[in-house]
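Below, chain A is the first sequence line, B the second, and so on; all start at residue 1. All values below come from the heavy atoms of this structure, side chains included, with hydrogens, waters and symmetry mates left out.
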2 protein chains.
Amino acid sequence: MTDVDQADRFARAREAQSVALIEDYVEMIGDLIAELGEARVADIAERMGVAQPTATKAVSRLKREGFATSRPYRGVFLTEEGAALAERVRARHRTVVALLRAVGVPEEVAELDAEGIEHHVSEQTLKAFERFLQGK
Amino acid sequence: MTDVDQADRFARAREAQSVALIEDYVEMIGDLIAELGEARVADIAERMGVAQPTATKAVSRLKREGFATSRPYRGVFLTEEGAALAERVRARHRTVVALLRAVGVPEEVAELDAEGIEHHVSEQTLKAFERFLQGK
DNA sequence: GATGATGTATAGCCTATGCTATATTTAAAT
DNA sequence: ATTTAAATATAGCATAGGCTATACATCATC
């Protein structure tokens, strides 16, 4: 492993982090729409455990990046791209939790840790997890 | 799972993130000291893949939080606490990589993903990983 | 249809991380 | 010993996420 490689790894981890919040919000908005028909900023804020203006700001970013749409004082909805991302994130989350459970992590802990881990699981690792789970 | 639980999970992931950079820098400084006898800011910056002032700022934070010491224009060293943290982080990294390899993740990818994943692996999950690896 | 409660947006602030440009110190070389 | 090169520090800026306080819309209720 050379220095450059290591720097690249950190850069990758930083990049993943910047995507993580987007993924969390998109998934949560997807959940709320599924449950309630729409996602209100107040509900998003409560579930994310942040203040309402923080959720508003996050929604602005989602809109700016093409994952969500909304009109002032109205609910938030996902674009096609946003809905697809939400589905990918949800599936990945399930797989990560299942993998953790499969190697002996208690359910409660698996859910907790998966929330942070999932954003750093690459496509290749995800595929490996799936193969491992099938092989069991 | 209630809303409060979910908000807590996100809060936990955010907290983990704030610790992640500290862990990365501390581990890297430990590596440099082991290899070169001291950790120079320029080396830290290069390996972390950031600009030199960014590394300087990070070192300031490490000092402020009691993990490192340094004098102006001189190398950076770890406190006892910093060295202990570095060792814990290094051990956890090894375990995470081993676990990924054990479930079929290719070596290269395992190293890449571990860099991000490791910061979100709790003590309990780490223990489960170790048990799983021993049982193989 | 006015009013009050609720929900959303905006303003302004803080901290953290990143950057570039530049000053300063140290160390090396002539 | 000076001068120059290299390393480090500092200044100043940007973005992102968090917060509180407050303004503004919407909606329900009377």
Roughly, in whole Å, what's the span from CD1 in B:I44 to C1' in D:dA9?
14 Å

Does D:dA9 have OP1 or OP2 sitting under 4.0 Å from an N or O in the side chain of B:T56?
yes

In whole angstroms, how far is the C1' atom of D:dA6 from the CD atom of B:E46?
14 Å

Between D:dA7 atom P and B:L36 atom CG, what is the distance in whole Å?
13 Å

All heavy atoms of B:V109 vs all of A:S122, minimum pair found to be CG1-OG, 3.4 Å

Please assess B:E38 against B:V76 for the test side-chain contact (heavy atoms from CB on, under 4.5 Å), listing each intermediate value before the final yes or no.
CA-CA 7 Å; B:E38 69 173 352; B:V76 180; over 6 Å; no

Once you round it to whole Å, what is the distance between P of C:dA16 and CG of B:D24?
17 Å

Against the side chain of A:P53, the closest entry in D:dG18, C:dC19, C:dA11 is C:dA11

Select one nucleotide: of D:dG18, D:dC19, D:dC13, the one nearest the side-chain heavy atoms of B:R14.
D:dG18

Hey, does A:P72 reach any base, or is it just sugar-phosphate, or nothing, if we go heavy atoms under 4.0 Å?
sugar-phosphate

Go through the N and O atoms of the side chain of B:Q52 and the base of D:dA9, and report whether any donor-acceptor pair is under 3.5 Å.
yes

Nearest to the side chain of B:V41 - D:dC24, D:dT8, C:dG12?
D:dT8

Calculate the interatomic distance between A:L62 atom CG and C:dT8 atom C1'; express it in whole Å.
16 Å

Reading DNA chain C from 5' onward, which residue's closest nucleotide shows up sooner: B:G49 or B:R64?
B:R64

Nearest atoms (heavy-atom pairs only) where B:A102 meets B:F132
CB-CE2, 4.3 Å

Looking only at non-hydrogen atoms, find the nearest pair between A:G66 and A:T79 and report the distance.
O-OG1, 2.7 Å

Scan B:A51 against the nucleic acid and name what it touches under 4.0 Å (heavy atoms): base, sugar-phosphate only, or nothing.
base

Heavy atoms from C-beta onward define the side chain here; which of C:dT8, C:dT10, C:dC19 lies closest to that of A:R40?
C:dT8

Rounded to the nearest Å, what distance is computed from the CD atom of residue B:Q17 to the P atom of nucleotide D:dA16?
16 Å

Listed nucleotide nearest any side-chain atom of A:Y73, set D:dC24, C:dA16, D:dT8
D:dC24

Atom NZ of A:K63 and atom P of C:dA9: how far apart are they, to the nearest Å?
7 Å

In whole angstrom, what separates A:K57's NZ from C:dA11's C1'?
10 Å

B:T95: which of B:E118, B:K127, B:E130 passes side chain to side chain contact (heavy atoms under 4.5 Å, CB included)
B:E130

Could you pick out which residue, A:R74 or A:T54, lies toward the 5' side of DNA chain D when each is mapped onto its nearest nucleotide?
A:T54

